[in-house]
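To start, the structure under review is shown below, and the notes come after it.
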Amino acid sequence: MRTPGYGITPDRFVRVAHLLPRQRGNVAVDNHTFVNALLWMCRTGAPWRDLPEC
């Protein structure tokens, strides 16, 4: 999976993954993707509805 320039790399995500709740059941998005989405929103100031598909 390619991490955009504004996202957190997989090796850095491992360092914070223990702080997030464990995923259970059928989830649409993994925690790594969710953290990258939050970082993108903080960086751009865009609302959640404007989050790009990638």
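Any value given below was found using the heavy atoms of this structure, including those in side chains, with hydrogens, waters and symmetry copies removed. Because the structure is predicted, anything quoted here is derived from the model rather than measured.
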Practice task
Please tell me if the side chains of Val35 and Val16 come closer than 4.5 Å, counting only heavy atoms from C-beta onward.
Solution key: no
Practice task
Please confirm whether the backbone N or O of Ala17 pairs with a side-chain atom of His32, one donor and one acceptor, at under 3.5 Å?
Solution key: no
Practice task
Return the set of residues passing side chain to side chain donor-acceptor pair (under 3.5 Å) with Asn26 (not counting sequence neighbours), or none when no residue passes.
Solution key: none
Handout entry: Backbone of Val29 reached by a side-chain donor or acceptor of Thr33 within 3.5 Å
Key = no
Exercise for the section: Measure across Arg15 and Asp11 and return the closest heavy-atom pair with its distance rounded to 0.1 Å. Expected result: CG-O, 3.8 Å
Problem - Student check: side-chain heavy atoms of Asn36 and Phe13 closer than 4.5 Å - result: no
Fill in the blank from the handout: Heavy atoms of Pro47 and Met41 approach each other most closely as C-CE, 4.4 Å
Problem - Distance in Å, Gln23 CD paired with Asp30 CG, rounded so as to fall on 0.5 Å steps - result: 6.0 Å
Exercise for the section: Using the rule that two of Ile, Leu, Val, Met, Phe, Trp, Tyr join whenever any of their side-chain heavy atoms come within less than 4.5 Å, decide whether Leu20 and Val14 are in one cluster. Expected result: no
